[in-house]
Amino acid sequence: MSERPRHAPPAIRLDGLTKRFPRFQLGPLDLTLEPGTVLALVGPNGAGKTTTLNCMAGLMVPDGGGAEVYGLHVDPARTEYRREVGYVGEESGFFLRWTTGRNLRALAELVPGWSDERARRLAERLDLPLDKLVGKLSRGNRTKLALVAALAHGPRLLLLDEPTAGLDPVVRAEVLDVLWEITEDGEHAVLYSTHVLSDVSRLADELAFLRDGRLVLRSGRDELDERWRRISFRLPGDVDPELPGVVEHRRVRAEHQVITRDAEATRQRLGSLGAEAVETSRMTVDEIAVQILKEGHHVARAAN
Amino acid sequence: MWRALRIELSYSRWWLLGGLGLAVGVAGIVSLIFFAVGAQGPPHHAAAGIRGMFLMMAPLIVGFVILTYRNEERRARLLMAGPITPRQLAGAAVLLPIVLFGIGVVAAALTLGVDSLVTGRLEVESMHIVGYVGGLILMMQLMGLVAQESIAAHRQQRLRAAVTGWGGFVVAVLLLAALTAAGAVAQGPMTWPMLHLGNLVVAVLAGVGALALYSHRTDFTS
């Protein structure tokens, strides 16, 4: 993550962002994203990830709260805002009976700051055929086209809605490579939604977990890696001890297995209890995400 | 707004040219048939009217195709990659059928003009029929936009807008019916002006209504 100059506005600032639907409400959502940071929005279907990104991209008008990009209010009509933001959504509205190249030329007329040279380089880098009709493109190539379209004007903020969903492993790797190269310079901020959690380990600096329209937890990827552990141990007697940080506890007679979000505190407590055969193992991002979202579900339901 | 409109028309130019080409072809065949049957055939103003009608209707019918593609391909998502206000997006949507109507008017006027030059007669009745049918189709397209935006407003929980849209739709239909009936009853020189006025009033109301409803959308994802 790059150092942000003093007084420089964050890449994203959400202040109580709210969007209401008949059976769902997003927010109020408070979120800040520093320049140069990659934040993954993680959550099950219907958690509010796409709605958040649509509100940021100006495709949906929020019912409450504010949203800013580099200090600019989200305003689809504002040229400065459009220059800063590149968006890859589930659908991009391309002209299906035109070739990819013709679509890019049309976008060049619409998008401020568009660079044909950058578009050409990206298309080459992604091996995107420019002479094929968009309607005949595979899902992977359509994603590549959407990426080129989102990046050709050199935006500082990228909003990506499930960019790798439904892609075969080869195309997914290509797309992730490009995103990795873009974010490597530390100048681009990226907010992307995903439930392909293996992507998270590769790209994200931070994770924000959404459930039922609410932010359940936001944490650095390294912090999650450090703190979450699966610990098995033996304690004499039929007791379920109170252990700090534990979110799941299974016991068969004296054999225990716990999942903790504060491994250090749990281990200390186990030491003081005289636990034997203590074994600690790392957890994958997927496993951690499942635990956090399960917990978040309880929190959200209790609040309702 | 103009850029968005221009790109959409450019995307559909082959449809448009194909439609006009087909209309010219049909008009040619009609002319040949009328020429072949000669004096025993229908009156001359009918031939002129049919030719003009095809040329007027072609771009308007293509308009239905263009609007369907635009909705299917969720064009608003692409157009919003550039700096554009909801009002400009709405303007592009409303202007599209009006521009196509304009193309139809020019094409029909050309054929009727050539016809009057050849025959030395100005077929006023034919011009009224062609203008009336063209206006009717334009009005229907704009009413379609009002219906589409009323449904969108309902989906977006803008209930007052949805009710206003549907209310306006019903009032426009009643108004059209009243003016058409008045035109039919009037008989004589007032008939055509009343019928054209009915189309014009409803088309303007529908255009303004669609513009207002679209401009206040809160969701541009569909």
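Chain letters run A, B, ... following the sequence lines, proteins first and then strands; every chain starts at 1.
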Heavy atoms only: give me the nearest B:Met80-A:Gly58 pair and the separation to one decimal. CE-O, 3.3 Å

Closest approach of B:Thr85 and A:Ala77, non-hydrogen atoms and distance? CG2-CB, 3.1 Å

Answer with side chain, backbone, both or neither: which region of [X] has an atom nearer than 4.5 Å to a non-hydrogen atom of chain A?
{"X": "B:Ile7", "value": "both"}
{"X": "B:Glu73", "value": "both"}
{"X": "B:Arg217", "value": "backbone"}

Salt bridge present between B:Arg3 and A:Glu109 (N-O < 4.0 angstrom): no

Rounded distance [0.5 Å steps], CZ in B:Phe220 versus CG in A:Asn54: 12.0 Å

For atom [atom1] of [X], decide whether the heavy atoms of other residues, nucleotides or ligands shown that lie under 6.0 angstrom number more than 12.
{"X": "B:Met127", "atom1": "CE", "result": "no"}
{"X": "B:Arg160", "atom1": "CZ", "result": "no"}
{"X": "B:His154", "atom1": "NE2", "result": "no"}
{"X": "A:Arg118", "atom1": "CZ", "result": "yes"}
{"X": "A:Glu181", "atom1": "CD", "result": "yes"}
{"X": "B:Trp15", "atom1": "CH2", "result": "no"}
{"X": "B:His216", "atom1": "NE2", "result": "no"}

Relative to chain A, which of [options] shows the most heavy atom pairs under 4.5 Å?
{"options": "B:Thr218, B:Leu89, B:Thr221", "answer": "B:Thr218"}
{"options": "B:Tyr69, B:Tyr11, B:Trp14", "answer": "B:Tyr11"}
{"options": "B:Arg70, B:Arg6, B:Arg87", "answer": "B:Arg6"}

Is the Lys NZ or Arg CZ of B:Arg75 less than 6.0 Å from the centre of A:Phe95's six-membered ring, within 45° of the axis? yes

Can you check side-chain contact (heavy atoms from CB on, under 4.5 Å) on B:Leu78 and A:Leu110, steps first, answer last? CA-CA 9 Å; B:Leu78 183 108; A:Leu110 294 170; 4.2 Å; yes

Answer whether the closest heavy-atom distance between the side chains of B:Gln88 and A:Pro76 falls below 4.5 Å. no

Interface moiety of [X] toward chain B, non-hydrogen atoms closer than 4.5 Å:
{"X": "A:Tyr87", "value": "side chain"}
{"X": "A:Ser92", "value": "backbone"}
{"X": "A:Arg20", "value": "neither"}

Kindly say whether A:Leu59 contributes a backbone atom to a donor-acceptor pair with the side chain of B:Arg77 at under 3.5 angstrom? no

Chain B interface, residue from A:Arg97, A:Met60, A:Arg78 that has the most non-hydrogen pairs under 4.5 Å: A:Arg97

